[in-house]
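Quick caveat, the model's predicted, so the values are computed rather than measured. Counting begins at 1 with the first residue of the sequence.
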Amino acid sequence: MPPRREKDDGPRINDQIRVDKVRLVDADGNMVGVVDIQEALKIADDSGLDLVEISPNADPPVCKVLDYGKYKYEQQKKAAEARKNQKTVDVKEVKVRPGIEKHDYEVKMRNARRFLENGDKVKVSMRFRGREMAHQDIGMALMRKMKEELADISKSEMEPRLEGRQMIMVLAPETGK
C-alpha cells in the first residue's frame, strides 16, 4: 500500500487515483482517449512507468504515463529556475543631516542614484539633534531637493514626514523605463 499522501504533495499517482475512467496520454505524448482506470494502470505497468494525474479537475481527469521521479525532478528544476530569476527589492538607507555640506550631499546623492538604478528602494532619513528641531524647514527643503534631483529615475513612495526627531522619505525606482 502506498504511503499516506499529505495535501498538496503533488499529483496523484498510480493507485492514489480514485476515479473510474481517465483520459489517457501515453508515454510518447499521444492521446489514447478515455479508458477505464484499470486499463490505464495496466498500460503504465506494462511500460514500466507510472500513471500520473496531470489535470485532476478535468472531466474525466487527464492522466499521463511517465516516469514520476523524472517528472518530479523537472518540476523542482523549473521552480528553482523561477526563484533564481526573481528580483528581490531591498530597501537601502541614506542618512543625511540638515546641515550637510555640498560634497557630502553629492556623495549621498550618488549612492542613492546607484541604489535606484540597481532596482532597490531608497529610504532617506534625516536625524534632528538638539536645536535642529527648530529648523525642520531646512530639513524639508533638503528632502524636496533630493526628491527633485532623483525624479528622473524614481517616484516617491512615501512623502517626507516627521516621526519624532527623524524625517523619513522613501523613493522607489521608476518602472517602465
Side-chain angles (χ1 to χ4, degrees), residues 1-95 107-125 146-147 149-161 163 168-177:
M1 185 167 162
R4 191 152 170 85
R5 271 174 42 97
E6 292 295 319
K7 191 75 176 150
D8 294 329
D9 187 3
R12 293 188 289 223
I13 60 169
N14 300 330
D15 294 330
Q16 295 172 346
I17 303 169
R18 301 265 184 244
V19 291
D20 296 332
K21 296 199 177 291
V22 294
R23 188 173 305 274
L24 184 65
V25 178
D26 67 8
D28 300 324
N30 301 323
M31 179 63 73
V32 175
V34 179
V35 297
D36 188 59
I37 187 68
Q38 298 305 322
E39 186 179 341
L41 285 168
K42 185 178 181 333
I43 292 170
D45 194 39
D46 290 346
S47 60
L49 300 171
D50 299 305
L51 183 67
V52 181
E53 191 175 41
I54 301 297
S55 180
N57 297 332
D59 187 32
V62 178
C63 293
K64 189 171 184 179
V65 177
L66 48 79
D67 182 357
Y68 182 66
K70 185 176 174 185
Y71 172 77
K72 200 168 174 184
Y73 173 74
E74 287 170 358
Q75 295 298 335
Q76 287 173 341
K77 289 296 256 187
K78 278 185 197 173
E81 188 68 27
R83 277 193 305 274
K84 188 176 88 174
N85 291 334
Q86 279 182 338
K87 168 71 173 115
T88 57
V89 177
D90 294 329
V91 178
K92 304 284 187 169
E93 186 170 14
V94 175
K95 293 185 178 184
V107 169
K108 299 290 185 179
M109 287 299 290
R110 195 167 47 238
N111 287 339
R113 186 169 289 277
R114 188 183 69 223
F115 295 149
L116 288 165
E117 286 169 350
N118 289 339
D120 297 321
K121 292 181 183 181
V122 175
K123 174 182 174 184
V124 182
S125 61
M146 289 182 82
K147 184 176 145 186
E149 287 184 26
L150 294 170
D152 58 329
I153 61 166
S154 71
K155 62 181 184 291
S156 178
E157 193 170 272
M158 186 175 102
E159 293 297 320
R161 72 169 185 238
E163 293 179 359
I168 298 172
M169 170 177 70
V170 178
L171 299 172
E174 187 71 63
T175 55
K177 291 216 178 211

Residue pair A58 / V62: nearest heavy atoms and the distance that separates them = CB-CG2, 4.1 Å
Heavy-atom closest pair, residues V22 and A40 = CG2-CB, 3.8 Å
Sequence-distant partners of K95, salt bridge (Lys or Arg N to Asp or Glu O under 4.0 Å), two or more places apart | none
Considering non-hydrogen atoms only, spot the tightest contact between D36 and D20 and give its length.
-> OD1-O, 3.2 Å
What closest approach, in Å, do E157 and A172 show between heavy atoms, and which atom pair accounts for it?
-> OE1-CB, 3.7 Å
Any residue meeting salt bridge (Lys or Arg N to Asp or Glu O under 4.0 Å) with E159, in chain and number order, not counting sequence neighbours | K147
First locate atom CG of D67, then atom NZ of K72, and finally report the distance between them rounded to the nearest 0.5 Å.
-> 12.0 Å
Is the backbone of I153 close enough, under 3.5 Å, to the side chain of R113 for a donor and an acceptor to pair up by distance?
-> no
Hey, could you give me the CG/CG distance between L116 and L171, rounded to the nearest 0.5 Å?
-> 6.0 Å
If you look only at pairs with a residue in residues 50-60, which of them pass as a side-chain hydrogen bond (donor to acceptor under 3.5 Å, both in side chains), with sequence neighbours excluded?
-> R12-E53, N14-D50
Considering all heavy atoms of both residues, which atom of V65 and which atom of A44 are nearest to each other, and what is their separation?
-> CG1-CA, 3.9 Å
List for me each residue that meets side chain to side chain contact (heavy atoms under 4.5 Å, CB included) alongside R114, sequence neighbours excluded, and say none if there are none.
-> N111, N118
Near K42 NZ, under 6.0 Å, is it more than 12 heavy atoms from other residues, nucleotides or ligands?
-> no
Rounded to the nearest 0.5 Å, the NZ atom of K64 sits from the CZ atom of R23 at a distance of 15.0 Å
Does D120 have any salt bridge (Lys or Arg N to Asp or Glu O under 4.0 Å) partners at least two apart in sequence or in another chain, and if so, which?
-> K87
For the atom pair OH (Y71) and CG (L49), what is the distance rounded to the nearest 0.5 Å?
-> 14.5 Å
Residue list, salt bridge (Lys or Arg N to Asp or Glu O under 4.0 Å) with K123, at least two apart or on another chain | none
Residue list, side chain to side chain contact (heavy atoms under 4.5 Å, CB included) with N30, at least two apart or on another chain = D26, D28
Residues in side chain to side chain donor-acceptor pair (under 3.5 Å) with S47, at least two apart?
-> none
Looking only at non-hydrogen atoms, find the nearest pair between L24 and L51 and report the distance.
-> CD1-CD1, 3.5 Å
With side-chain contact (heavy atoms from CB on, under 4.5 Å) as the test, would you mind laying out the steps for C63 and V25 before giving the verdict?
-> CA-CA 6 Å; C63 293; V25 178; over 6 Å; no
Among all residues two or more places apart in sequence or in another chain, which pass the side chain to side chain donor-acceptor pair (under 3.5 Å) test with E39?
-> none
Who are the side chain to side chain contact (heavy atoms under 4.5 Å, CB included) partners of E81, not counting sequence neighbours?
-> K84, N85
Listed partners of K108 passing side chain to side chain contact (heavy atoms under 4.5 Å, CB included), at least two apart | V94, V96, I100
Atom CG of L150 and atom CG of D152: how far apart are they, to the nearest 0.5 Å?
-> 7.0 Å
Contacts of E117 meeting side chain to side chain donor-acceptor pair (under 3.5 Å) (sequence neighbours excluded), chain-then-number -> none
Could you grab the distance from atom CD of Q76 to atom CD of E74, nearest 0.5 Å is fine?
-> 11.0 Å
